[in-house]
Amino acid sequence: MEKYNHEKVEKKWQKIWEDTDAFKAEDDYSKPKFYGLVEFPYPSGVGLHVGHVRAYTSLEVIARKRRMQGYNVLFPIGFDAYGLPTENYAIKTGQHPRKVTDQNIKVFTQQLKSIGYSFDWDRVIDTTDPEYYKWTQWIFLQMYKHGLAYKDHTYVNFCTHCKVVLSNEDFRDGKCDRCGSDVIQMEKDVWFLKIREYAEKLLKGLDDVDYLPRIKTEQKNWIGKSVGAEINFNIKDHDQKLKVFTTRADTLFGVTFMVIAPEHPIIEELASDIQNMDEIAKYKKEAQHKTEFERVQLMKDKTGVQIKGVTAINPISGKEIPIFVADYVMMGYGTGAIMAVPAHDTRDWDFAKKFNLPIIEVIKGGNVQEEAYTDVASGQLVNSDFLNGLEVKKAIPTMIQYLEEHHLGKKTINYKMKNWAFNRQRYWGEPIPIVYCDHCGIVPIPEKDLPVELPKVTHYEPTDTGESPLADIPEWVNTTCPICGRPAKRETDTMPQWAGSSWYFLRYTDPHNTKALADMDKMKYWLPVDWYNGGMEHVTRHLLYSRFWHQFLYDIGVVPTKEPYKKRTAQGLILGSDGEKMSKSKGNVVNPNDIIAEYGADALRTYIMFIGDYEKPAPWSENGLKGCNRFLERVWRLQEIVKDGEEYSPRLESDMHKTIKKVSEDYEAMKYNTAIASLMTLLNHFYDVGTVTKGELSTFLKLLYPVAPHITEELWQIIGEDGMLHQSSWPEFDEDKTVDDVIEMAVQINGKVRGKIQIAIDAAKDKAHNLAFANENIKKFVDGKKVVKEIYIPGKIYNIVVK
RNA sequence: GCGGAUGUGGCGGAACUGGCAGACGCGCCAGAUUUAGGAUCUGGUACUUCGUGUAUGAAGGUUCGAAUCCUUUCAUCCGCACCA
């Protein structure tokens, strides 16, 4: 027997799989289908990460198993290739992003193939391919036609370093998520998608899908639904009303002032009556310069300015109350104005204390002069006229009903989720298919003229003005209006990175279609995605965005299912061997290439699956990897002890059935670590016995195949089995044979194990009693004591209680 | 602050519905083999004052029996965050 040569064997089988189109998904509608999806990588310059390996190997195992179970399997891969790192690299090195992207895709493809993934390489997608982004633009146009895409003049977050407008998702703590620089507020006209209109559908759809509970929870929190009321406050001596959103309509009698966001438009509307406009303008300017970070960090120190000359009227008590401008109220949530109830809201309380405003208790139970009393669950209303004596839960609907009857307000639902800022001021993205005509206004590009291709240019550095580099290319910007033919200008913003990934799973079902984003019959067969696996970091943005697009496409009849993904799971992070997140600066990054070169793809795959609980982060360990390599070499040597015989030998029969059951179930539950552990145990048993029948070995190879396909395929051939493993069938087990007739049962005295007995699994109690009391050690413990009680659970335990 | 988790040997982690805690792997120890190193093989490995002892972050409780259920508490991680 030759020593196992992983390099030779792995290359051999990778070539055979490729030459025979072994993993091609066929549009054979007569077969049951399985569509397994993994998040396609961003082809960065650093190449594949071991994190990718963990994310992909999990569904790879399922996909290989499904083929053996007779499914027609679609297991595709592609590249989400638009993005800043490529563009920045291109700027730095002077190479065109197209060239950089192509190089990176090549490297990624080679790496993915060297791991032996069973992707269908005929269906590869590249989001930067005009044939692909043509349909990304097409979907945008459908959204525009249905009123879901709109342009709005807002304050945006501009990163001075990346020279790019950031979405709310791309910056944290007031810093740019990519470069860490400070972010400033800037006024700009940008495109938005009305994802908020789908908030309710996105929430409801969660009831019908099988996502990990924490994923559903994160999505719910992100959407942030809250039920409350909109209440109108009159401005004294004016026609204007100040609208507020509150979840606590019951506290209306406790409102002693109002606060509006610095950006609130009513300031401009009432400017002529505001006596301290200078002061307010100054405050507004300061607030704009504050980063979100400062606004949050300084939360304890409330700032604000009273609007002098204008007051509001509490609609229910008729009292005149002051209005303040303060940056603790955000224009982006609710109506940008609040009714302040200092007695029962901590922020309002802080503000009231600082500005010496009255605090009126309306819910009994606390000392509101000392601190805000915010316990909603209990408490009765006081100082509240017709609400007095009611409990909070009752008082809220009562008040809302009153408000509705008197046209002072109405029940409203509010969402935290903001509309999707759908724009980037960069070169390397999908052009937004819109032109601006002085005569016709905003004009969508006709569908027949798609794609609007990115112009091939030599410079793509962003500008200082917040405009896209495309704005500097007059021959591209200047065009004619599709409606009237007069001169017009193109939209120069591009789409955000999330665009291309919002529908890629549809394209995999029919990647070369030139007439539609995908053929309806093909989508009807393949959709929905049966199982989607990816990172936790994508479960809010990407997963919500793509569900939004899919739900919209369903509503306009373009796709056949309401939801895109039936099931969604997520893997934990692979940490460096120091337990820290892998990063270049820490020098703890593991490169899959090195591992494959030294130990082979099968060892890498096996170890990554064995490393620990799939959903939890796990530190990399070179020794752990070696252990898995040792396991595979022990598997290789099984060929030395194999003997003829298709049957399972009596000594191993029950082990075989147990292992088939365990491995089958554990793979499905993503408990890869325990599945592999049970295969290791079975392997140990083979060596304990000293021989293994061909039947036993081929079952073992089938079970291990999804994790370590190369070595098992080679052994399969060596022992003379027919065909390749993916053409074989997944082993069956006999439930009866997974249960032993006679087991070793623990006998306890007062709950502590004091002896063991050999007993039939269904033995009667008196039989168990006799065996237990015949045990020497048990006798010793019972001797001289009084037996109070005996508990016998057949197949589990015999417990004797003594005194 | 709100929401979600997680806490088990030297390490990664097992443990069905409450029923022998520590599967499997790593590491470590001893032995075999080897010129040596490495590799491989065999055996051992929670702690222990060796007790009828202790032990699943800590403290209580329910139970014949608790890692698992309940109460309190501590720690760590993740997500959201002045959300009205």
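The figures here come from the full heavy-atom set of this structure, side chains too, leaving out hydrogens, waters and symmetry mates. If you're wondering where the values come from, they're calculated on a predicted model, not measured in any experiment. Proteins get letters first, then strands, A, B, ... in listed order; numbering begins at 1 in each.
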> Could you write out RNA chain B as a dot-bracket string, with dots for unpaired bases, | for bases paired across to another strand, and Watson-Crick or G-U pairs counted at under 3.5 Å?
Replying inline: (((((((..(((......[....)))((((((.......))))))((.....))..(((((..]....))))))))))))....
> Checking all strands, does A:Lys756 fall into the base, sugar-phosphate, or nothing category for heavy-atom contacts under 4.0 angstrom?
Replying inline: base
> Hey, are A:Lys756 and A:Glu776 close enough for a salt bridge, meaning a charged N less than 4.0 Å from a carboxylate O?
Replying inline: no
> Are A:Asp666 and A:Lys662 close enough for a salt bridge, meaning some N to O gap below 4.0 Å?
Replying inline: yes
>> A quick test of your reading: do over 12 heavy atoms of other residues, nucleotides or ligands sit less than 6.0 Å from NZ of A:Lys353?
In response: yes
> When you measure from every atom of RNA chain B, which of residues 772-791 of chain A have a heavy atom less than 4.0 Å away?
Replying inline: A:Phe781, A:Lys789, A:Ile791
> Could you give the CD1-to-C1' distance, from A:Ile338 to B:rA84, as a whole number of Å?
Replying inline: 6 Å
> Could you state the CD1-P distance from A:Ile749 to B:rC20, rounded to the nearest angstrom?
Replying inline: 16 Å
>> Among B:rC80, B:rA84, B:rA14, which nucleotide has an atom closest to any side-chain atom of A:Thr246?
In response: B:rA84
> Any salt bridge between A:Lys765 and A:Glu790, counting N to O under 4.0 Å?
Replying inline: no
> Could one point to a donor on the side chain of A:Lys416 or the base of B:rC80 with an acceptor on the other under 3.5 Å away?
Replying inline: no
>> Just the rounded figure in Å: distance from C1' of B:rG38 to NZ of A:Lys3.
In response: 11 Å
> Given B:rG79, B:rG4, B:rC80, which nucleotide is nearest the side-chain atoms of A:Trp222?
Replying inline: B:rC80
> Near RNA chain B, which residues from residues 614-628 of chain A have a heavy atom under 4.0 Å away?
Replying inline: A:Pro617, A:Asn623, A:Gly627
> By side-chain hydrogen bond (donor to acceptor under 3.5 Å, both in side chains), which residues pair with A:Glu598, not counting sequence neighbours?
Replying inline: none
>> Regarding A:Asp766 and A:Tyr792, do their side chains bring together a donor and an acceptor under 3.5 Å, going by distance alone?
In response: no
>> Are more than 12 heavy atoms, taken from residues, nucleotides or ligands other than A:Glu371, located less than 6.0 Å from that residue's CD atom?
In response: no
> Could one point to a donor on the side chain of A:Asn221 or the base of B:rC80 with an acceptor on the other under 3.5 Å away?
Replying inline: no
> OP1 or OP2 of B:rG1 less than 4.0 angstrom from a side-chain nitrogen or oxygen of A:Arg347, does that happen here?
Replying inline: no
>> Would the distance check show the side chain of A:Ser678 and the main-chain N or O of A:Ala675 forming a donor-acceptor pair, the cut-off being under 3.5 Å?
In response: yes
> Taking the side chain of A:Asp327 as its heavy atoms from C-beta onward, which of B:rA84, B:rC20, B:rC82 lies nearest to it?
Replying inline: B:rC82
>> Nearest to the A:Ala746 side chain among B:rC20, B:rG4, B:rA84, which nucleotide is it?
In response: B:rC20
>> In this structure, how many angstroms lie between the C1' atom of B:rG19 and the OH atom of A:Tyr792, rounded?
In response: 13 Å
> How long is the line joining NZ of A:Lys581 and C1' of B:rC78, in whole Å?
Replying inline: 11 Å
> Of all the choices, B:rC82, B:rU40, B:rG53, which nucleotide is nearest to the side chain of A:Tyr328 once you look at every atom?
Replying inline: B:rC82
> So which nucleotide from B:rC80, B:rG19, B:rG25 ends up closest to the side chain of A:Gln748?
Replying inline: B:rG19
> Under 4.0 angstrom, heavy atoms only, what part of the nucleic acid is A:Lys671 near: base, sugar-phosphate, or nothing?
Replying inline: sugar-phosphate
> Does A:Leu202 offer a backbone N or O that forms a donor-acceptor pair with the side chain of A:Arg547 under 3.5 Å?
Replying inline: yes
> A:Ile793 near the nucleic acid: base, sugar-phosphate alone, or nothing, with a heavy-atom cut-off under 4.0 Å?
Replying inline: base
> With a 4.0 Å cut-off on heavy atoms, is A:Asn414 in touch with a base, just the backbone sugar-phosphate, or nothing at all?
Replying inline: nothing
>> Starting the side chain at C-beta, find the nucleotide from B:rA84, B:rG3, B:rC20 nearest to A:Val753.
In response: B:rC20
> Taking only residues two or more places apart in sequence or in another chain, which ones pass side-chain hydrogen bond (donor to acceptor under 3.5 Å, both in side chains) with A:Asn588?
Replying inline: A:Asp578
>> Please determine whether salt bridge (charged side-chain N to carboxylate O under 4.0 Å, His left out) holds for the pair A:Lys671 and A:Glu665, giving the CA-CA distance in whole Å, both sets of side-chain angles, and the decisive distance to 0.1 Å.
In response: CA-CA 8 Å; A:Lys671 291 163 94 174; A:Glu665 289 172 358; over 6 Å; no
>> Tell me whether A:Lys225 forms a cation-pi arrangement with A:Tyr415, defined as NZ or CZ under 6.0 Å from the six-membered ring centre and within 45 degrees of its axis.
In response: no
>> Quick check: A:Trp620 with A:Tyr607 (ring centres under 6.0 Å apart)?
In response: yes
> Given B:rC82, B:rC16, B:rU54, which nucleotide is nearest the side-chain atoms of A:Lys752?
Replying inline: B:rU54
Could you list the protein-to-nucleotides 59-61 of chain B atom pairs, N/O on both sides, closer than 3.5 Å?
none

>> Which nucleotide wins on minimum distance to the side chain of A:Asn673, given the candidates B:rA84, B:rA14, B:rG12?
In response: B:rA14
> A:Leu573 has an atom CG; how far is it from atom C1' of B:rU6, in whole Å?
Replying inline: 16 Å
> In whole angstrom, what separates A:Met330's CE from B:rC80's P?
Replying inline: 16 Å
>> Without decimals, in angstroms, what is the distance between A:Tyr211 OH and B:rG4 C1'?
In response: 19 Å
> Centres of the A:Phe351 and A:Phe324 rings: under 6.0 Å?
Replying inline: yes
